[in-house]
Visitor: 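Dumping the structure here so I can ask a few things about it.
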Amino acid sequence: MTTRLYTHPVCLEHLTPLGHPERPDRLRAIEKVLAHEVFAPLDRVEAPMANETAILLAHLESYARRVKEAIPAEGLARIDADTSVSPRSWEAAMRAIGAATAAVDDVFAGRADNAFAAIRPPGHHAEKDQAMGFCLFNNAAIAARHAQDAHGAERVAIVDWDVHHGNGTQDIFWDDPSVLYCSTHQMPLYPGTGAAEETGAGNIVNVPLSAGTDGEAFREAFKGTILPRLDEFRPDLIIISAGFDAHYRDPLAELNFTEDDFSWATARVMERAGRWSDNRLVSLLEGGYDLEGLALSVAAHVGRLMKG
């Protein structure tokens with residue numbers, strides 16, 4: 001298996017207020033763990049700048065304009081109560097989108113079997129016209145639309161195991177049966193969406209988990225609900241919204257997964273990519289706020305991507 005790793009130094013320059021959990025040190029922790037010799041075979045590629053029109057694949061033009069106009073010349077500016085921007089945030093967001101769309105291009109062109117994008121800001125809370133939960137633009141949604149527009153993908157599946165529900169991704173694809181959105185997440189928890197009854201056009205699959213849930217229950221949710229829906233859907237591409245804040249060390253939630261659980265889930269999704277998608281799999285970093293838990297989880301996830 002050939003695994004590409006996308007990132008860019010400017011993603012470190014998307015700054016947040018002191019003490020904010022979504023901080024540049026997250027990427028530094030990932031860079032450090034992926035510098036180990038076991039990850040030497042990774043095909044490391046600098047994330048390109050996306051064309052700004054890519055934003056419009058998933059967001060309103062008026063919203064994109066509002067975000068760009070909010071970028072300050074210096075210091076920090078708030079987009080909402082949880083989401084801030086700094087002078088380099090626009091470029092960081094464009095590199096994040098560029099990584100997501102370039103990774104899609106790679107797996108369709110056969111330049112890689114799969115790819116992981118170590119990017120920030122994250123994206124799965126960003127709705128069509130609203131920034132939320134540390135997110136400016138929905139990288140996974142843009143990647144899915146890009147696969148459809150640029151590569152003729154008829155069916156794209158997004159698997160989201162971030163501890164918080166991806167309300168933005170659900171919002172964007174709510175009535176679109178060409179995109180399957182499957183999410184495991186803690187509930188009740190921010191942002192308050194993600195009930196099992198929220199099914200969209202039959203394409204939304206939410207598996208809420210109660211506080212204290214461990215990896216065994218997570219695996220059962222995957223085996224009982226997520227994996228059968230992937231098999232039924234037969235996607236041409238699978239995108240993972242790879243949040244690692246369900247790790248037991250994470251300070252923002254109360255699920256008790258380990259890095260082995262993320263490795264197991266990665267392997268199961270890879271099996272479906274091999275079965276239905278010619279191995280095409282793109283993974284995009286979302287949450288994960290304990291630096292040690294994040295590093296261990298990313299190492300397990302990327303290591304599994306490399307093994308096939």
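Note that the coordinates shown come from a computational prediction; the quantities given were computed from them, not determined experimentally.
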Visitor: Can you confirm whether more than 12 heavy atoms, excluding those of E254, are under 6.0 Å from its CD atom?
Guide: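 No - once you tally the heavy atoms of other residues, nucleotides and ligands closer than 6.0 Å, there are 12 at most.
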Visitor: Any non-hydrogen side-chain atom of R88 less than 4.5 Å from a side-chain atom of V10?
Guide: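 When only atoms from C-beta onward are counted, V10 and R88 do touch, with a gap below 4.5 Å.
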Visitor: Indicate whether any N or O donor in one side chain lies under 3.5 Å from an N or O acceptor in the other, for H124 and D160.
Guide: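 Present: a donor and an acceptor within the cut-off.
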Visitor: Taking side chain as C-beta onward, heavy atoms only, is S178 less than 4.5 Å from R155?
Guide: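 No; the side chains remain at least 4.5 Å from each other.
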Visitor: Within a strict 4.5 Å, meaning less than it, do heavy atoms of the T225 and V205 side chains meet?
Guide: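 With C-beta onward as the side chain, the pair touches.
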Visitor: Can you tell if the side chain of D43 reaches within under 4.5 Å of the side chain of L5, non-hydrogen atoms only?
Guide: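 Not touching, per the 4.5 Å side-chain cut-off.
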Visitor: Hey, does P191 have a side-chain heavy atom less than 4.5 Å from the side chain of H165?
Guide: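 Sidechains of P191 and H165: in contact.
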Visitor: Should we say atom CD of E271 is surrounded by more than 12 heavy atoms from elsewhere, each under 6.0 Å from it?
Guide: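 Yes, enclosed.
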Visitor: For D214 and Y248, test the side chains for any donor-to-acceptor distance below 3.5 angstrom and give the result as yes or no.
Guide: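 No.
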Visitor: Within this structure, what is the CD-CG distance for the pair Q186 and D250, rounded to the nearest 0.5 Å?
Guide: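 Atom-to-atom, Q186:CD and D250:CG are 10.0 Å apart.
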Visitor: Is the closest side-chain donor-acceptor distance between W276 and D231 under 3.5 Å?
Guide: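 Yes.
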Visitor: Check step by step if side-chain hydrogen bond (donor to acceptor under 3.5 Å, both in side chains) holds for D236 and S277.
Guide: CA-CA 5 Å; D236 301 308; S277 313; over 6 Å; no
Visitor: Is the shortest side-chain N to carboxylate O distance from D171 to K128 below 4.0 Å?
Guide: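 Looking at D171 and K128, the cut-off is not met.
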Visitor: Quiz question: by atom type and distance under 3.5 Å, do the side chains of S283 and H301 form a donor-acceptor pair?
Guide: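 Yes, a side-chain donor-acceptor pair sits under 3.5 Å.
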Visitor: Any Lys/Arg nitrogen of R28 or E31 sitting under 4.0 Å from an Asp/Glu carboxylate oxygen of the other?
Guide: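 So R28 does not pair with E31 through a salt bridge.
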Visitor: Tell me if the aromatic rings of F134 and H125 count as close, with their centers under 6.0 Å from one another.
Guide: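 No.
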Visitor: From the options N206, N203, T193, select the one residue that forms a side chain to side chain donor-acceptor pair (under 3.5 Å) with Q170.
Guide: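 The side chain to side chain donor-acceptor pair (under 3.5 Å) with Q170 is passed solely by N206 among N206, N203, T193.
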Visitor: Supply the atom-to-atom distance R78 CZ to T16 OG1, rounded to the nearest 0.5 angstrom.
Guide: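 Separation between the atoms: 9.5 Å.
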Visitor: Checking R4 against F116: charged group under 6.0 Å from the ring centre and within 45 degrees of the axis?
Guide: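 Negative - R4 is either too far from the ring of F116 or too far off its axis.
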Visitor: Taking atom types as modelled, find out whether D260 and S263 have a side-chain donor-acceptor pair closer than 3.5 angstrom.
Guide: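 The answer is no; no qualifying pair exists.
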Visitor: Would you say CZ of R234 has more than 12 non-hydrogen atoms from neighbouring residues, nucleotides or ligands within 6.0 angstrom?
Guide: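 12 or below, so no.
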Visitor: How about H247 and N256: does a side-chain donor come under 3.5 Å of a side-chain acceptor?
Guide: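 On atom types as modelled, these side chains do not qualify, holding no pair under 3.5 Å.
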Visitor: Is it the case that S241 and E286 place a side-chain donor and acceptor less than 3.5 Å from each other?
Guide: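 The criterion, which ignores hydrogens and geometry beyond distance, is satisfied for E286 and S241.
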Visitor: With no hydrogens and no angle check, just 3.5 Å: does a side-chain donor-acceptor pair link T53 and N51?
Guide: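 Short answer, yes.
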Visitor: H151 vs F108 aromatic rings, parallel, tilted or perpendicular, using cut-offs 30° and 60°?
Guide: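 H151 vs F108 ring planes: parallel.
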Visitor: Centre-to-centre under 6.0 Å for Y181 and F173, is that the case here?
Guide: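 Between F173 and Y181, which both carry aromatic rings, the centre distance is not below 6.0 Å.
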Visitor: Does atom CD of E154 have more than 12 heavy-atom neighbours from other groups under 6.0 Å away?
Guide: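 Not more than 12 within 6.0 Å, no.
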Visitor: Among side-chain atoms of S89 and H14, is any donor-acceptor pair under 3.5 angstrom?
Guide: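 Yes, side-chain donor-acceptor contact under 3.5 Å.
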Visitor: Can you confirm whether D82 sits close enough to Y190 that some side-chain heavy atom of one is under 4.5 Å from a side-chain heavy atom of the other?
Guide: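 D82 vs Y190: side chains touch.
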Visitor: Please determine whether ring-ring contact (aromatic ring centres under 6.0 Å, His included) holds for the pair F137 and Y63, giving the CA-CA distance in whole Å, both sets of side-chain angles, and the decisive distance to 0.1 Å.
Guide: CA-CA 10 Å; F137 302 118; Y63 168 67; 5.8 Å; yes
Visitor: Measure the spacing between CD of E220 and CG of L209 and express it to the nearest 0.5 Å.
Guide: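 One gets 12.0 Å once the value is rounded to the nearest 0.5 Å.
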Visitor: Run the salt-bridge test on R26 and D290 with the 4.0 Å N-O cut-off and return the result as yes or no.
Guide: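 Result for this pair is no, no salt bridge flagged.
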Visitor: Taking C-beta and beyond as the side chain, do I172 and E127 meet within less than 4.5 Å on heavy atoms?
Guide: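 No, too far: nothing below the 4.5 Å cut-off.
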Visitor: Classify the ring geometry of F39 against H36: parallel below 30°, tilted from 30° to 60°, perpendicular beyond 60°.
Guide: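 Ring orientation, 0 to 90° scale: perpendicular.
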Visitor: Do other residues, nucleotides or ligands put more than 12 heavy atoms under 6.0 Å from the CD atom of E46?
Guide: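 Check passes, neighbour count above 12.
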Visitor: Is any side-chain heavy atom of T258 closer than 4.5 Å to a side-chain heavy atom of W264?
Guide: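 Counting from C-beta outward, T258 and W264 never come under 4.5 Å.
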